[in-house]
Amino acid sequence: LKIVCHDIANPLTVILADSDRDLTSPRSEQERLDRIFRNTQRLVTFLTTVRGIQREQDQGRATAPLHTGIVRIEEAIFDAIEIYRGKLENKNISVKVEGSALADSVFANRDILISSIFGNAISNAIKFTPKGGRLLVTADSDRHRVVRIHFTDSGEGMDEATLANLQKEIRIDSTLGTAGETGTGFGFYQIRTQIERMSGSMELRSKPGSGTTVTFSLRVAILKKAAA
């Protein structure tokens, strides 16, 4: 329940913020309405996905492969960033997105990839990065047709013991962030479980004082050419 509440709260925060703004520019007004629509739509699709996962758990299939489709990497990254736009701006954290594989597509569950996997990587980066920090998101691929998406922050970093604990279990207790932020309850163990259900993988690299890099690897979706 704590996990679901967190992933619902983020698009709702964007919707409420946009609903409360007094914008006079027609262009700004349209952008605001577009964001409200996108985040409302995201909320509905996420809840639909959660209901499906709950049915699988009730049927004892919680580790079965998730339903996947073709998702463009660049679009998924920017959709996840948009959810956290306000929090990034509040801490003045700059975001840079680059890489040779941004135009690639992968097999993934779009809603889980954006809200729960990429979204939580961004959320944790915000939490443990001080004001004025940086978040770099890069995407590359290898000869085995695997895309790797790296989220690298300039935050506090973690020691080896903390890294090991994060990957063992869902954390209910949580360390406060650099601005006193509370945790999400969505442990890296759970994020790893979700991406593995898409035939992907996750890797964590961090050192105290040197920030953290979270890397997700997914299969490239090779599109079949239409017959001539």
Problem - Contacts of E74 that satisfy side chain to side chain contact (heavy atoms under 4.5 Å, CB included) - sequence neighbours left out - result: R72, F78, L102
Completion exercise
Correct closest heavy-atom pair for I70 and S105 would be CG2-CB, 3.6 Å
Completion exercise
Value for CD (Q194) from CG (N120), rounded to nearest 0.5 Å, stands at 10.0 Å
Problem - Partner set under side chain to side chain donor-acceptor pair (under 3.5 Å) for S206, not counting sequence neighbours - result: T212
Problem - Distance in Å, K87 NZ paired with K127 NZ, rounded so as to fall on 0.5 Å steps - result: 10.5 Å
Completion exercise
Nearest heavy-atom approach of D153 to T129 is CB-OG1, 3.4 Å
Practice task
Answer with yes or no whether the hydrophobic clustering places V220 together with F118; edges join I, L, V, M, F, W, Y residues whose side-chain heavy atoms lie under 4.5 Å apart.
Solution key: yes
Handout entry: Check: V97 and I81 side chains under 4.5 Å, non-hydrogen atoms
Key = yes
Practice task
Applying salt bridge (charged side-chain N to carboxylate O under 4.0 Å, His left out), name anything that partners E98, two or more places apart in sequence or on another chain.
Solution key: K96
Exercise for the section: Verify side-chain contact (heavy atoms from CB on, under 4.5 Å) between H150 and L136, making sure each step is shown before the conclusion. Expected result: CA-CA 8 Å; H150 314 274; L136 173 64; over 6 Å; no
Practice task
Using the test salt bridge (charged side-chain N to carboxylate O under 4.0 Å, His left out), find all partners of R110 that sit at least two apart in sequence or belong to another chain.
Solution key: D79
Handout entry: Side-chain (K131) to main-chain (I93) donor-acceptor, under 3.5 angstrom
Key = no
Problem - Transitive ILVMFWY side-chain link I126 to L204, under 4.5 Å - result: yes
Practice task
Only counting residues at least two apart or in another chain, list the ones meeting side chain to side chain donor-acceptor pair (under 3.5 Å) with D159.
Solution key: T162
Handout entry: Side chain to side chain, S123 and Y84, heavy atoms closer than 4.5 Å
Key = yes
Exercise for the section: Using the test side chain to side chain contact (heavy atoms under 4.5 Å, CB included), find all partners of N90 that sit at least two apart in sequence or belong to another chain. Expected result: none
Problem - T215 and M202, any side-chain heavy atoms less than 4.5 Å apart - result: no
Exercise for the section: Apply salt bridge (charged side-chain N to carboxylate O under 4.0 Å, His left out) to R205 and E203, showing your working. Expected result: CA-CA 7 Å; R205 299 190 306 278; E203 179 186 359; 3.6 Å; yes
Handout entry: R134: salt bridge (charged side-chain N to carboxylate O under 4.0 Å, His left out) partners, not counting sequence neighbours
Key = none
Practice task
Walk me through it: do V95 and L88 pass the test side-chain contact (heavy atoms from CB on, under 4.5 Å)?
Solution key: CA-CA 8 Å; V95 182; L88 288 162; 3.7 Å; yes
Fill in the blank from the handout: Those residues at least two apart in sequence (or on a different chain) that pass side chain to side chain contact (heavy atoms under 4.5 Å, CB included) with S141 are A101, D104, V147
Exercise for the section: Look at the side chain of D111 and the backbone N and O of I114, then say whether any donor-acceptor pair between them is shorter than 3.5 Å. Expected result: no
Fill in the blank from the handout: Contacts of E75 meeting salt bridge (charged side-chain N to carboxylate O under 4.0 Å, His left out) (sequence neighbours excluded), chain-then-number -> none
Practice task
Provide the full list of salt bridge (Lys or Arg N to Asp or Glu O under 4.0 Å) pairs with a residue in residues 211-222, sequence neighbours left out, each pair given once.
Solution key: none
Exercise for the section: Could you tell me which residues satisfy side chain to side chain donor-acceptor pair (under 3.5 Å) with T213, sequence neighbours excluded, listed by chain and number? Expected result: T152
Problem - Sub-4.5 Å side-chain heavy-atom contact between I122 and F151 - result: yes
Exercise for the section: With the side chain counted from C-beta on, respond yes when M198 and N109 share a heavy-atom pair under 4.5 Å apart, and no when they do not. Expected result: yes
Exercise for the section: Please examine the side chains of L113 and L218, heavy atoms only from C-beta on, and report whether any two atoms are closer than 4.5 Å. Expected result: yes
Handout entry: Non-neighbouring partners of S154 that pass side chain to side chain donor-acceptor pair (under 3.5 Å), sequence neighbours left out
Key = none
Problem - Heavy-atom check, side chain of I191 versus side chain of F216, under 4.5 Å - result: yes
